[in-house]
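In what follows, a single structure is set out as structure tokens and then discussed.
What you are looking at is a predicted structure, and each value in this text was computed from that prediction instead of being measured. First the proteins, then the strands, lettered A, B, ... as listed; each starts at 1.
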Number of protein chains: 2
Amino acid sequence: MIKHATIKDLAQALGISKSTVSRALADHSDVKPETKRLVLEMAEKMNYRPNPYAQNLIRRRSKVIGVVVPEFVNSFFPRIIIQIQKVFEKEGFNVLITQSGESAEIELKNLHLLENSMVEGIILSVTEKGRNDEYYRRLIDNGIPIVFFNRPSNEVEASKVVIDDFRMAFFAVEHVLYANGTKRTRPLHLMGPKGIFNSATRHQGYKEALSKHGIDPAPDTFVQCRDISRECGFETMNAILDGDRIPDAVFCFNDQLAIGALKAIKKRGYRIPEQIAVMGFSESQSALLTEPQLSSVAQPLDLIGETAANLLLEKIKNPDAPDRTVVLDARINIRESTDVRPQQ
Amino acid sequence: MIKHATIKDLAQALGISKSTVSRALADHSDVKPETKRLVLEMAEKMNYRPNPYAQNLIRRRSKVIGVVVPEFVNSFFPRIIIQIQKVFEKEGFNVLITQSGESAEIELKNLHLLENSMVEGIILSVTEKGRNDEYYRRLIDNGIPIVFFNRPSNEVEASKVVIDDFRMAFFAVEHVLYANGTKRTRPLHLMGPKGIFNSATRHQGYKEALSKHGIDPAPDTFVQCRDISRECGFETMNAILDGDRIPDAVFCFNDQLAIGALKAIKKRGYRIPEQIAVMGFSESQSALLTEPQLSSVAQPLDLIGETAANLLLEKIKNPDAPDRTVVLDARINIRESTDVRPQQ
DNA sequence: GTGAAAGCGCTAACAA
DNA sequence: TTGTTAGCGCTTTCAC
């Protein structure tokens with residue numbers, strides 16, 4: 001680290017006291033304008049930069065927040081993070097980004113790291129496997145507010161930003177049940193693994209839609225995937241296609257599974273969407289790359305990030321601010337995997 | 001921020017002096033084992049955490065490094081960043097990640113932010129538009145080492161991690177010139193824009209390969225793209241296909257351009273790779289999603305990240321360490337866009 | 001309007 | 001082996 005000019009250096013150069021310099025720099029009212037001008041000029045001249053560590057020490061705050069996401073190799077989380085950074089940059093905060101790689105253990109390690117860095121708050125999307133509920137709670141009790149997004153913890157009271165997974169799943173399923181203008185009778189849900197919060201909720205939406213449209217949500221209308229990867233979607237769909245009940249409408253927990261499923265279906269020569277319609281969820285960048293292009297539910301990523309950031313900011317500025325859960329609307333993007341009819 | 005127990009609290013609780021506590025915590029040799037034990041126990045009991053800002057202040061270092069990348073929405077940079085984090089986490093560093101969105105202005109802002117955060121070093125991939133060469137130099141002169149990767153600055157002396165773009169482009173072009181077992185005679189290079197370092201180098205490799213194989217690298221064998229997006233690839237390729245000279249082998253500056261080009265070519269009904277072979281560069285996640293799958297040059301992302309991190313660490317530990325440029329080997333991944341013959 | 005002095009939490013001489 | 005003291009760079013009383 002470079003030895004920058006300090007407040008003391010400025011004071012000496014100007015022949016005044018440290019405190020006056022400090023006041024001038026902080027733009028206090030009780031400094032003679034002339035003095036202020038001189039200080040500012042000298043600061044410029046000597047390329048003065050306040051030492052944030054000295055400031056943090058005395059102010060008892062770090063001006064750093066932490067973000068914990070399962071991964072940032074897909075575009076989903078990065079897009080959200082960008083907004084978070086935007087909001088906090090304006091407020092003079094740094095953002096520490098960590099990723100848990102879908103492991104509760106690494107997530108815990110990340111939380112430790114953030115805690116040791118004295119972050120003033122954390123924005124977190126829970127990792128796939130397991131939970132660190134007690135630790136979340138401990139952090140909150142210790143005065144480090146947490147805002148959950150995308151995948152909240154159900155057990156912990158905190159502000160949350162989510163979309164209404166139940167409702168969106170319901171609509172998505174309704175759409176795929178009448179995909180391409182044909183009423184479907186053999187739906188299938190490629191479910192996410194149990195551990196994930198949204199998994200059960202989306203499944204509820206699925207079952208509800210089936211019931212509404214007169215289809216029995218029997219056990220053969222859904223299958224649980226081991227994880228939420230492309231590979232798993234491919235394998236699971238393959239296994240299904242090996243069986244007796246060939247579905248005509250597939251609703252997938254996420255786009256990755258859907259992309260894998262698409263591949264399996266195409267390989268067998270089924271026509272999409274005529275014979276089998278496929279619907280993804282939570283819009284990945286890849287949805288536009290597949291053939292056919294994948295219909296999906298697009299979450300408002302920018303808004304999620306912005307909202308989560310603002311909720312955290314609120315908590316940081318006022319620790320007594322109440323927990324708030326913001327439910328955002330998502331959008332169903334209809335593409336070729338459910339509809340190849342000419343655009344309306 | 002929570003009021004944690006301080007070293008002073010521990011000292012009081014144990015009835016000993018601050019310095020002994022400090023020494024015990026730091027595992028100095030000249031502390032009675034018994035005392036050390038007591039201190040450690042009490043630290044545990046009172047949930048003591050050293051205040052990093054006090055430590056930073058006195059040690060005159062931040063234990064933070066910065067990363068500046070053009071974007072992290074595609075998987076390319078995130079994969080590299082993950083490795084950087086891994087290396088620096090082991091050394092007890094935090095990593096501040098910033099993205100410039102292909103704007104030299106934002107890049108400069110990011111550098112300011114990092115400088116103000118007193119980072120001990122920066123790992124940087126230069127943004128597409130313009131350069132901040134003087135500022136890089138200033139940072140380095142001020143004792144903040146910079147390691148460039150992927151897109152280095154040519155004007156600044158610093159450690160760099162790159163792949164041999166010339167050589168890899170050469171090999172990639174050789175491959176596409178004989179794609180699918182057919183000698184091609186009408187190659188085309190979708191070049192990146194001028195501003196990007198690698199753009200010219202890859203073009204050199206292209207021309208060299210053409211010459212070696214008896215093709216005149218005439219002006220109609222290449223075209224410069226406005227940017228490096230899918231859209232631009234699509235439009236540029238469309239314009240080419242509107243012309244007289246229909247290429248039979250297309251070498252693209254990157255995968256995004258290639259994916260756009262693929263789309264344009266397919267739309268016109270040309271068969272890939274039989275009529276037109278397409279080669280990407282620098283392997284995006286999407287290369288496996290297109291149809292046909294895209295042949296590309298895969299950079300060793302993990303190794304790039306690890307190497308860049310280690311080079312920076314070297315500089316941080318020893319500011320007099322010489323600048324080093326590490327040239328890594330990439331790999332050509334042959335897929336359907338250049339070869340549909342049965343796998344060897 | 002300005003300066004002197006104390007202190008944030010920590011480390012590191014220097015003594016004892 | 002331990003305690004005392006000073007000081008990192010900054011802010012903020014409390015005087016004047």
Check whether any side-chain N or O of [X] sits under 4.0 Å from OP1 or OP2 of [N], and answer yes or no.
| X | N | result |
| --- | --- | --- |
| Tyr48(B) | dC10(C) | yes |
| Ser22(B) | dT11(C) | yes |
| Ser17(B) | dT2(D) | no |
| Arg59(A) | dC8(C) | no |
| Thr20(B) | dT2(D) | no |

Matching residue for Leu111(A) among Asn116(A), Ile144(A), Leu124(A) - test: side-chain contact (heavy atoms from CB on, under 4.5 Å): Leu124(A)
Nucleotide [N], atom [atom2] - distance to [atom1] of [X] in whole Å:
| X | N | atom1 | atom2 | value |
| --- | --- | --- | --- | --- |
| Asn51(A) | dG9(D) | CG | P | 7 Å |
| Glu34(A) | dG1(C) | CD | P | 13 Å |
| Ile7(A) | dA5(C) | CD1 | P | 17 Å |
| Asn56(B) | dT11(C) | CG | P | 11 Å |
| Lys8(A) | dT11(D) | NZ | C1' | 16 Å |

Steps toward ring pair (Phe, Tyr, Trp, His ring centres under 6.0 Å) verdict (Tyr53(A), Tyr53(B)): CA-CA 5 Å; Tyr53(A) 300 101; Tyr53(B) 299 101; 5.6 Å; yes
Does the pair [X]/[Y] count as a salt bridge with the N-to-O cut at 4.0 Å?
| X | Y | value |
| --- | --- | --- |
| Arg60(A) | Glu120(A) | no |
| Glu105(B) | Lys109(B) | no |
| Lys315(B) | Asp320(B) | no |

Ignoring the backbone of [X], work out which of [options] is nearest its side chain.
| X | options | result |
| --- | --- | --- |
| Ala54(A) | dT2(D), dT2(C), dC10(D) | dC10(D) |
| Gln55(A) | dT11(C), dT2(C), dT11(D) | dT11(D) |
| Thr35(A) | dT11(C), dG1(C), dG9(D) | dG1(C) |
| Arg60(B) | dC10(D), dC8(D), dA12(C) | dC8(D) |

Heavy-atom check, side chain of Tyr136(B) versus side chain of Glu107(B), under 4.5 Å: yes
Exceeds 12 heavy-atom contacts within 6.0 angstrom, atom CD of Glu157(A): no
Please write out the pairs of protein N or O atoms and N or O atoms of nucleotides 13-16 of chain D separated by less than 3.5 Å, giving the distance to one decimal.
none

Pairwise 5' ranking along DNA chain D for Lys36(B) and Ile58(B), keeping only the more 5' one: Lys36(B)
Terminal axes of the helix from dG1(C)-dC16(D) to dA16(C)-dT1(D) (five pairs each): angle between them, nearest 10 degrees: 40°
